[in-house]
Amino acid sequence: MQTYRLAIIGTLLAGLVAWGDASAQPARFQARLHSVQDGDSFIVLDRFGKRERVRLSGIDAPELEQAGGPQAKAALESLLFAPELDIEPRKRDPFGRWVARVYLERGNKPPLDIARAQLLAGHAWVFNRYTKEQPGSEVREDRQAEEHARRTMKGLWAD
């Protein structure tokens, strides 16, 4: 009987550990925009109406009081103005926000990567401090987008 109880307790503990790991980084989810804080952070409402704070993975945008900050925020608002956003969470940051890649479905076209769109328009930079946490192909494409904005003198690169 004692062995049976220990086996059940061990199974329950293993299940709790596995559940904890699985819940740490959820699968993609759909949400709609609630509000935009700046050029790389915003709040969404999930399908249950729960507010989730999100920070775009791989980029950094100027703060609102910095040069280009209000323009970066306005650009992000226009990109996120859609009935539904596809959120791919990567981790939680120290502020409790999901660090995520966010995509916008566009019918027959490939989904629009919102972070990369901010880079292409010159409203953000590649966030070099965290590139080791991203897939290599994603970093390469983000760097190419930033370089394109720089070459064409868009947004933050206009000066």
(message) Is the terminal nitrogen or CZ of R55 (NZ for Lys, CZ for Arg) located under 6.0 angstrom from the six-membered ring centre of W98 and within 45° of that ring's axis?
(response) no
(request) Verify the cluster assignment for L76 and W125: are they in a single hydrophobic cluster under the rule of side-chain heavy atoms below 4.5 Å apart? (result) no
(request) Count the heavy atoms of every other residue, nucleotide or ligand shown that sit under 6.0 Å from CZ of R106, and state whether that count exceeds 12. (result) yes
(request) Answer with yes or no whether the hydrophobic clustering places F29 together with F42; edges join I, L, V, M, F, W, Y residues whose side-chain heavy atoms lie under 4.5 Å apart. (result) yes
(request) First locate atom CD of E88, then atom CZ of R101, and finally report the distance between them rounded to the nearest 0.5 Å. (result) 8.5 Å
(message) Using side-chain heavy atoms (C-beta onward) and a distance below 4.5 Å, is H148 in contact with Q144?
(response) no
(request) State, with a plain yes or no, whether a side-chain heavy atom of R143 is found less than 4.5 Å away from one of N128. (result) yes
(message) Would you say L120 ends up clustered with Y103 if hydrophobic residues are merged whenever their side chains have heavy atoms under 4.5 Å apart, either directly or through other cluster members?
(response) no
(request) Enter the distance from I114:CD1 to L119:CG here, rounded to the nearest 0.5 Å. (result) 11.5 Å
(message) With a 4.5 Å cut-off on side-chain heavy atoms, are R47 and Q30 touching?
(response) no
(message) For a quick test of reading the model, state the closest non-hydrogen atom pair linking P89 to A27 and the distance between them.
(response) CD-O, 3.9 Å
(message) Could you check whether any side-chain heavy atom of D86 comes within less than 4.5 Å of a side-chain heavy atom of R28, counting everything from C-beta outward?
(response) yes
(message) Could you check whether atom CZ of R32 has more than 12 heavy atoms from other residues, nucleotides or ligands sitting under 6.0 Å from it?
(response) no
(message) Minimum heavy-atom separation for G58 and Q134, please, with both atom names.
(response) CA-OE1, 3.4 Å
(request) Please name the pair of heavy atoms, one in P62 and one in L156, separated by the smallest distance, quoted to 0.1 Å. (result) CG-CD2, 3.8 Å
(message) Looking at R92 and E52, is any side-chain nitrogen of the basic one under 4.0 Å from a carboxylate oxygen of the acidic one?
(response) yes
(message) Any salt bridge linking E133 with R90? Criterion: basic side-chain nitrogen under 4.0 Å from a carboxylate oxygen.
(response) no
(message) Applying the side-chain contact (heavy atoms from CB on, under 4.5 Å) criterion to L80, which one of L104, V44, L33, V54 satisfies it?
(response) L33
(request) Drop me the distance from L64's CG to S41's OG, to the nearest 0.5 angstrom. (result) 9.5 Å
(request) Give the C-alpha distance, both sets of side-chain angles, the deciding distance and a yes or no for side chain to side chain contact (heavy atoms under 4.5 Å, CB included) between R51 and L45. (result) CA-CA 5 Å; R51 290 168 49 127; L45 297 173; 3.4 Å; yes
(request) Give a yes or no on whether the backbone of A61 and the side-chain of D40 come within a donor-acceptor separation of less than 3.5 Å. (result) yes
(request) Kindly compute the distance separating CD (E146) from CH2 (W157), expressed to the nearest 0.5 Å. (result) 5.0 Å
(message) Could you see if F127 belongs to whatever hydrophobic cluster contains V139? Use Ile, Leu, Val, Met, Phe, Trp, Tyr and a side-chain cutoff under 4.5 Å.
(response) no
(request) Give a yes or no on whether the backbone of P135 and the side-chain of E138 come within a donor-acceptor separation of less than 3.5 Å. (result) no
(message) If hydrophobic clusters are built by linking Ile, Leu, Val, Met, Phe, Trp and Tyr wherever their side-chain heavy atoms come under 4.5 Å apart, do V99 and V102 end up in the same one?
(response) no
(request) Measure from the side-chain N and O atoms of Q118 to the backbone N and O of G39, and report whether any donor-acceptor pair falls under 3.5 Å. (result) yes
(message) Rounded to the nearest 0.5 Å, what separates atom CG in L56 from atom CG in L79?
(response) 9.5 Å
(request) Nearest 0.5 Å please: distance from the CD atom of Q37 over to the NZ atom of K73. (result) 7.5 Å
(message) For D46, is there an ion pair with K50 - N to carboxylate O distance below 4.0 angstrom?
(response) no
